[in-house]
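Contents: one structure, followed by commentary.
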Amino acid sequence: MARDRRARLIGMPEPLHYSPHPRIAERKQAGPPKITDVATAPPDSAWYTRFNANLAVVITKGVGTMWCAYAFAALSFVSLPAAIGSGSPVILVSWISQTFLQLVLLSIIIVGQNILAAAADKRAEATYKDSDAILTTTLDIHRHLEQQDKQIRDLMQMIRDAQRPQES
């Protein structure tokens, strides 16, 4: 019985052989995803899809500036005297909601979205770097465990070799 227990104590399962997941190489090559990566149509899409996507990006970049918001505010003030001069509260409310707010807030909202998109890109970059650090650390741990397994196997073999003369 003591022999069985001793045999179980010095037995060791086969070591795990690491094979990297294909996603690791793919992730290293692609890098972190960015909002600008998906802002245009894929190169294999139809020409009109690429044209529409590029035109939308150009217009959004132009309208999504504070200078455009200032220009829209100035443009909306052109019709303000007529709205006030009408004497109608309905026309004044209509001017505020349909002219001023829509024109000016459109650009300001796009500017805000651009700022949030840049923050999302920074978070994606940080997450990518964190994941890479974790992966590198995990691989280092795996290499350490492989070395440790080899040393344990060598020690176990030494124990087996030392026990053989006693058993005979």
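This one's a predicted model, so the numbers in the text were calculated from it and none came from an experiment.
Listed here is the closest heavy atom pair of T99 and S76: CG2-CB, 3.6 Å. Between M66 and V111 the shortest heavy-atom distance is N-CG2, 3.7 Å. Here the closest heavy-atom approach between residue A69 and residue I108 is recorded as CB-CG1, 3.9 Å.
Note on residues 45-65: no pairs pass ring-ring contact (aromatic ring centres under 6.0 Å, His included), not counting sequence neighbours.
The hydrophobic clustering, which links ILVMFWY residues whose side-chain heavy atoms are closer than 4.5 Å, places W95 and I84 together. Connection of L101 to V93 is not established within any shared hydrophobic cluster, with ILVMFWY side chains joined at heavy-atom distances below 4.5 Å, either directly or through further cluster members. L145 and M156 are members of different hydrophobic clusters when ILVMFWY side chains are connected at heavy-atom separations under 4.5 Å.
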Report task. Starting from the C-alpha separation in whole Å, work towards a yes-or-no answer on side-chain contact (heavy atoms from CB on, under 4.5 Å) for W67 and S107. Result -> CA-CA 9 Å; W67 290 113; S107 292; over 6 Å; no
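With respect to D132 and K129, no salt bridge is recorded, no charged nitrogen being found less than 4.0 Å from a carboxylate O. Ionic pairing of R23 and E26 is present here: one or more N-O contacts between side-chain nitrogen and carboxylate oxygen are shorter than 4.0 angstrom.
Between the T49 side chain and the S45 main chain, no donor and acceptor come within less than 3.5 Å of each other.
Within the model, atoms CD1 of I110 and CD1 of I59 stand 10.0 Å from one another, a figure rounded to the nearest 0.5 Å.
For A73, the side chain to side chain contact (heavy atoms under 4.5 Å, CB included) partners two or more places apart in sequence, or in a different chain, are F77, F100, V104.
Proximity of L92 to S86: side-chain heavy atoms (C-beta onward) are nowhere separated by under 4.5 Å.
Under the side chain to side chain donor-acceptor pair (under 3.5 Å) test applied with D154, the options Q151, K150, Q157 reduce to a single match, K150.
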